[in-house]
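Notes for the one structure printed next.
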Amino acid sequence: MSALPVVDDRHIGVLLAAGGSCRLGVPKQLLRSRGESLLRRAARMLLETTPRSVYVILGAHQEQMRPELEGLDVEVVLNDQWRVGLSSSLRVARTVCRKLSRSGCLVTSVDQPLLQTAHLQALLAMAKRWPNLDVLSAYGRFKGIPALIRPETLDLATRLVGDHGLRAVLDGRPWRVVRNDDLLEDLDTPEQVEMARIRGWIDETQVMTRIDV
């Protein structure tokens, strides 16, 4: 009698990193913290959660991004519709995760400089307690990524348009949260990056030429 196949129920990691950083004017993915690009840092933290696999969704400036991922066991997925907005990357995430995981998709991005692996682990721990629910990060009055998203919730991403993110599909879905108000700090504008530099979260800004998108 042949053995039953082993089912790999580990989560899939997905890093949303396709955006053009239009408000910032330079690719935020390439800003550095302790010498490490934010892109590589976020991918590394996903790998530290022991996922089945990690997918990094790139779009704008992808030629500059790829070298930052060298040596990491991740797969790059190109979103050639990145100009449409965040919704296009979520559709890519849906395609990847729906095929490969029944346990959900751990989704994160690059622009929360105080994010640590421990928070991602806390999301996964909560997901084990509530295996049929999405688990979101809560910060201030917001709820969003990083988040452990169930495949059926990602299916709803096909309804999104433009720069709408997961918040637009979570209404009416059952979820739990892990609160971490450090995640309120992000890097969307030059003022936010300068404040992060002053606080020591981002390295002294290297010379970065504005890149038209």
Side-chain angles (χ1 to χ4, degrees), residues 11-19 21-24 27-29 31-34 36-49 51 54 56-57 85-87 89-90 93-94 97 104-150 153-154 156-157 160 162-203:
H11 63 284
I12 298 294
V14 171
L15 176 54
L16 304 177
S21 304
C22 296
R23 283 190 287 168
L24 183 57
K28 68 179 72 174
Q29 300 95 319
L31 295 173
R32 306 191 100 75
S33 175
R34 299 183 179 181
E36 183 179 39
S37 72
L38 297 187
L39 176 65
R40 187 178 184 88
R41 178 177 182 271
R44 174 178 54 77
M45 286 193 291
L46 279 175
L47 286 168
E48 289 171 354
T49 68
V54 169
V56 180
I57 301 176
L86 181 57
S87 62
S89 287
L90 289 172
R94 181 260 185 186
C97 291
C105 186
L106 183 59
V107 182
T108 191
S109 61
V110 305
D111 61 353
Q112 292 168 312
L114 298 184
L115 175 65
Q116 300 293 333
T117 305
H119 180 74
L120 300 179
Q121 297 285 16
L123 293 171
L124 293 169
M126 181 69 77
K128 286 184 179 180
R129 293 176 57 194
W130 301 94
N132 297 314
L133 304 183
D134 301 311
V135 180
L136 316 178
S137 297
Y139 31 96
R141 60 186 180 85
F142 301 106
K143 299 177 183 67
I145 63 173
L148 193 289
I149 303 299
R150 300 297 167 189
T153 303
L154 273 174
L156 301 176
L160 299 175
D163 210 32
H164 291 292
L166 284 169
R167 293 174 195 164
V169 300
L170 287 169
D171 287 344
R173 297 286 305 166
W175 39 258
R176 290 292 184 271
V177 300
V178 176
R179 177 161 290 279
N180 184 350
D181 287 328
D182 284 346
L183 301 182
L184 276 169
E185 306 292 345
D186 59 19
L187 300 169
D188 284 334
T189 67
E191 293 78 16
Q192 289 172 328
V193 170
E194 177 61 11
M195 184 58 66
R197 184 194 65 77
I198 292 170
R199 292 173 174 173
W201 303 337
I202 295 296
D203 296 348

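Just so you know, residue 1 is the first one in the sequence shown, and it goes up from there.
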4.5 Å side-chain heavy-atom contact, K143 and S137:
no
Determine whether P146 and V178 make a side-chain contact, defined as any pair of heavy atoms from C-beta on separated by less than 4.5 Å.
no
Distance from D181 atom CG to F142 atom CZ, nearest 0.5 Å?
11.0 Å
Option passing side chain to side chain contact (heavy atoms under 4.5 Å, CB included) with L16 (candidates V110, I57, V56):
I57
Taking the basic N atoms (NZ, or NE/NH1/NH2) and the acidic carboxylate oxygens, is any pair closer than 4.0 Å for E48 and R44?
yes
Is there a side-chain contact between L46 and P51, using heavy atoms and a 4.5 Å cut-off?
no
L106, L136, I12 screened by side chain to side chain contact (heavy atoms under 4.5 Å, CB included) with I149, the one that passes
L136
Does a salt bridge link D134 with R176, judged by any charged N lying under 4.0 Å from a carboxylate O?
no
Look up atom CG in L184 and atom CZ in R141, then write down how far apart they are to the nearest 0.5 Å.
9.5 Å
Are L148 and M126 close enough that some pair of their side-chain heavy atoms sits under 4.5 Å apart?
no
For L123 against A147, the heavy-atom pair lying closest together:
CD1-N, 3.9 Å
Between the main-chain N or O of G19 and the side-chain N or O of Q29, is there a donor-acceptor pair closer than 3.5 Å?
yes
Just wondering, do T108 and M45 contact through their side chains at under 4.5 Å, heavy atoms?
no
How long is the gap from CE on M195 to CG on L187, to the nearest 0.5 Å?
12.0 Å
Side-chain contact test, heavy atoms from C-beta onward, threshold under 4.5 Å: evaluate it for L15 versus L39 and give yes or no.
yes
Could you state the interatomic distance from CG (L115) to CG (D182), rounded to the nearest 0.5 Å?
9.5 Å
Donor-acceptor check, side chain of Q192 to backbone of D188, threshold 3.5 angstrom: yes or no?
yes
L114 side chain near W201 side chain, heavy-atom distance below 4.5 Å:
yes
Quick one: does L38's side chain get under 4.5 Å of D111's, heavy atoms only?
no
Out of curiosity, N180 CG to Q112 CD, how far, rounded to the nearest 0.5 Å?
8.5 Å
Between the CG atom in L133 and the CZ atom in R129, the distance rounded to the nearest 0.5 Å is 11.0 Å
Verdict with reasoning, L31 to S37, per side chain to side chain contact (heavy atoms under 4.5 Å, CB included):
CA-CA 5 Å; L31 295 173; S37 72; over 6 Å; no
Side chain to side chain contact (heavy atoms under 4.5 Å, CB included) evaluation trace for R150 with N132
CA-CA 8 Å; R150 300 297 167 189; N132 297 314; 6.0 Å; no
